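Structure first, then comments.
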There are 2 protein chains.
Amino acid sequence: MKQIDSQNLFEEYWEQYHFDQFFGFDIRPYTSLLAFDPEDVILQEGTKSNHLYFLLNGRAKVFITHKNGTVTLVNFLEAPCFIGEMEMVNDQSACHGVTALRACLCFSIDLSCKAQLLQDTVFLQNLCKFLSRKTLSDVQNYSRNQAYPLKTKLASFILLTANNGLYRERHTETAAYLGVTYRHLLYVLAEFVKDGILEKTPHGYRIVQEEELKQIADGDI
Amino acid sequence: MKQIDSQNLFEEYWEQYHFDQFFGFDIRPYTSLLAFDPEDVILQEGTKSNHLYFLLNGRAKVFITHKNGTVTLVNFLEAPCFIGEMEMVNDQSACHGVTALRACLCFSIDLSCKAQLLQDTVFLQNLCKFLSRKTLSDVQNYSRNQAYPLKTKLASFILLTANNGLYRERHTETAAYLGVTYRHLLYVLAEFVKDGILEKTPHGYRIVQEEELKQIADGDI
DNA sequence: TAATGGGTATGAGATTTCTCATATTGTTTT
DNA sequence: AAAACAATATGAGAAATCTCATACCCATTA
């Protein structure tokens, strides 16, 4: 993690996300621009942070570590979103860990202005909206994971993450997100290839029968 | 669902939960007391409500219906908590259904004062706290469901819900909450009985070997 | 250069969980 | 009282998923 001093970049993102609009007062003096490398820890599970982050670019994962050592991937975070807001309002240490998956750019807000934030209706309203959307996204992911077999969930996930008909997520990440073992994921992926729905290429899996895949994702098969 | 006109009961709950404290203005004129019978719908999935509820007593369930007809129980709601707050801040129709499991008493807030609520820092702060706690509880339930087999989850659940060493939840509800079929739940329950950990009685299942059950709940077995 | 570690890949066998069928009981509705 | 319904209960077989073992490739590190 390192601070980015480029004023240009700062301005660029500030404009892009209309960062002013989230606050009823001038948050600029408390804000700086940070870059996280892949694997960098953004929030350490169980420790307290005195910053509130806003993801501008990149992708991060939210996870929980269980007593038996297994790690559950709760969700991905994609820009734009806040990070660390739950901890801030409850004034508690991080209940999830957050780690960068790709290079991430964030605004970092120094919580020395916390009292001011908690009196700002503009900010609080936005926070409520972000929180409820995040909850909704978590819960939908969660309940979908319970309601369907991997075949269905994987089909959705491939359609969601493919670019130009090419699926190239890391198997390790996908398996964690979908809540299954790596082994099982490969079984089902192999099944899709055998059925001619996907084709394995050196650059990733190419979607051959998109309609079929959509039907599977809809739980029709 | 019916309105309760007893001024006494109203006052009693108002005091018990210090209901004033959640608001920066006088919410009383907008508040009434409602009683829901078991099975009554509190929030109808997909429709818009113009009330915000606050659960005073009883127990409700939050669920999502999937396209394939399966219903996922997202969580239980226990007093005290808000109901319908996500829909309110995002001004959208209910993304989960909420149904009473036991007789439920609620304060019902008429959202004609919505604009005022959304300008009230006291309320907004409390809402943020409630929202993040709810998220946390959902996510912990969710991730636990992914990380352990039913044996482990059921052991926790029995320890959580037993009264005086007696477990007597409805199997149908437990199965839904733990995200498994009814059939499978009965298998594992029977296994506990066979192993002498539980004993089946006419009034419910009695916990015989509590230490053993705790070990299983901890994932140690 | 050798060793280490992460991601990828595949097989074999075990465990968990599901589907379907069927029966009993107690309660509510007709 | 008969019918309908929801919860409980159990069996048999199938599907989904996991564990463990093993191997290869590539990049980083000693």
Side-chain angles (χ1 to χ4, degrees), chain A residues 37-40 61 66 68-73 99-102 144-157 167-195 198-205 216 219 221, chain B residues 37-40 61 66 68-73 99-102 144-157 167-195 198-205 216 219 221:
Chain A
D37 289 323
E39 306 300 312
D40 273 3
K61 63 178 178 182
H66 295 272
N68 68 356
T70 59
V71 176
T72 308
L73 177 54
T99 301
L101 280 173
R102 316 268 179 265
R144 204 199 49 215
N145 276 0
Q146 286 215 167
Y148 299 96
L150 178 60
K151 192 173 176 179
T152 311
K153 298 180 286 185
L154 180 58
S156 302
F157 187 69
Y167 167 77
R168 40 183 310 168
E169 299 297 312
R170 284 200 196 133
H171 297 337
T172 42
E173 284 173 20
T174 303
Y177 181 61
L178 298 179
V180 297
T181 53
Y182 182 84
R183 184 67 192 89
H184 189 50
L185 171 64
L186 287 216
Y187 268 131
V188 177
L189 222 33
E191 198 185 326
F192 282 163
V193 172
K194 183 171 65 65
D195 293 349
L198 298 181
E199 183 192 2
K200 197 171 171 179
T201 77
H203 337 86
Y205 290 79
I216 295 173
I221 293 180
Chain B
D37 289 323
E39 307 301 313
D40 274 3
K61 64 177 178 182
H66 295 270
N68 67 357
T70 60
V71 176
T72 308
L73 177 54
T99 301
L101 279 173
R102 316 270 178 263
R144 204 201 47 214
N145 275 1
Q146 285 216 170
Y148 299 95
L150 179 59
K151 192 174 176 178
T152 311
K153 296 181 285 186
L154 181 58
S156 303
F157 188 68
Y167 167 78
R168 41 184 307 168
E169 298 297 312
R170 285 201 197 132
H171 297 337
T172 42
E173 284 174 19
T174 303
Y177 181 60
L178 298 179
V180 298
T181 54
Y182 182 83
R183 184 69 192 88
H184 188 49
L185 171 64
L186 286 217
Y187 267 131
V188 176
L189 222 33
E191 197 185 326
F192 283 164
V193 173
K194 180 171 67 63
D195 293 348
L198 298 181
E199 183 193 0
K200 196 171 170 179
T201 78
H203 338 85
Y205 290 77
I216 295 172
I221 293 181

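The structure presented is a predicted model; accordingly, all values stated were derived computationally and were not measured. Proteins get letters first, then strands, A, B, ... in listed order; numbering begins at 1 in each.
Nearest to the side chain of B:Pro149, among C:dT17, D:dC18, C:dC18, sits C:dT17. Out of C:dT19, D:dC18, D:dA9, the shortest distance to the side chain of A:Val180 is found at D:dC18. Listed nucleotides: D:dA7, D:dA9, C:dG11. Nearest to the side chain of A:Tyr187: C:dG11. Comparing C:dG7, D:dA9, D:dC18 by their nearest atom to the side chain of A:Thr172 picks out C:dG7. Across C:dA9, D:dC20, C:dT17, the shortest atom-to-atom separation from the side chain of B:Leu150 is found for C:dT17.
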### Task
Begin from the C-alpha positions of B:Tyr187 and B:Val180 and carry the test side-chain contact (heavy atoms from CB on, under 4.5 Å) through to its verdict.
CA-CA 11 Å; B:Tyr187 267 131; B:Val180 298; over 6 Å; no

### Task
Could you check B:Phe157 against B:Glu169 for side-chain contact (heavy atoms from CB on, under 4.5 Å), going step by step and ending with a plain yes or no?
CA-CA 10 Å; B:Phe157 188 68; B:Glu169 298 297 312; 4.0 Å; yes

### Query
Does the side-chain contact (heavy atoms from CB on, under 4.5 Å) test come out yes or no for A:Leu189 and A:Tyr205, once each step is laid out?
CA-CA 9 Å; A:Leu189 222 33; A:Tyr205 290 79; 4.0 Å; yes

### Task
Check the pair B:Phe192 / B:Ile216 against side-chain contact (heavy atoms from CB on, under 4.5 Å), numbers first and verdict last.
CA-CA 10 Å; B:Phe192 283 164; B:Ile216 295 172; 4.0 Å; yes

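If you take CZ of A:Arg168 and P of C:dT8, they are 11 Å apart, rounded to a whole angstrom. B:Glu191 places its CD atom 11 Å from the P atom of C:dT15, with the value rounded to the nearest Å. Going from atom OH of A:Tyr182 over to atom P of C:dG7 covers 9 Å, rounded to whole Å. In this structure, A:Leu185 atom CG and D:dT19 atom P are separated by 15 Å, rounded to whole Å. Between the NZ atom of B:Lys200 and the P atom of C:dT25 there is a distance of 13 Å, given to the nearest Å. In this entry the distance linking NE2 of A:His184 with C1' of C:dT17 reads 12 Å, nearest Å. Between A:Leu178 atom CG and D:dT17 atom P the separation is 10 Å, expressed in whole Å. Atom C1' of nucleotide C:dT10 and atom CG of A:Leu189 are separated by 13 Å, given to the nearest angstrom.
When each of B:Arg183 and B:Glu173 is assigned the nucleotide of DNA chain D bearing its nearest heavy atom, the one mapping closer to the 5' terminus is B:Glu173.
For the OP1/OP2 pair of D:dA15 and a distance below 4.0 Å, the side-chain nitrogens and oxygens of A:Lys151 include no atom meeting the criterion. Between D:dA9 and B:His171, a contact under 4.0 Å exists linking OP1 or OP2 to a side-chain N or O.
Side chain A:Arg170 to base C:dG6: no donor-acceptor pair is found below 3.5 Å.
For the pair A:Glu191/A:Lys151, a side-chain contact is recorded, criterion being any heavy-atom separation below 4.5 Å from C-beta on.
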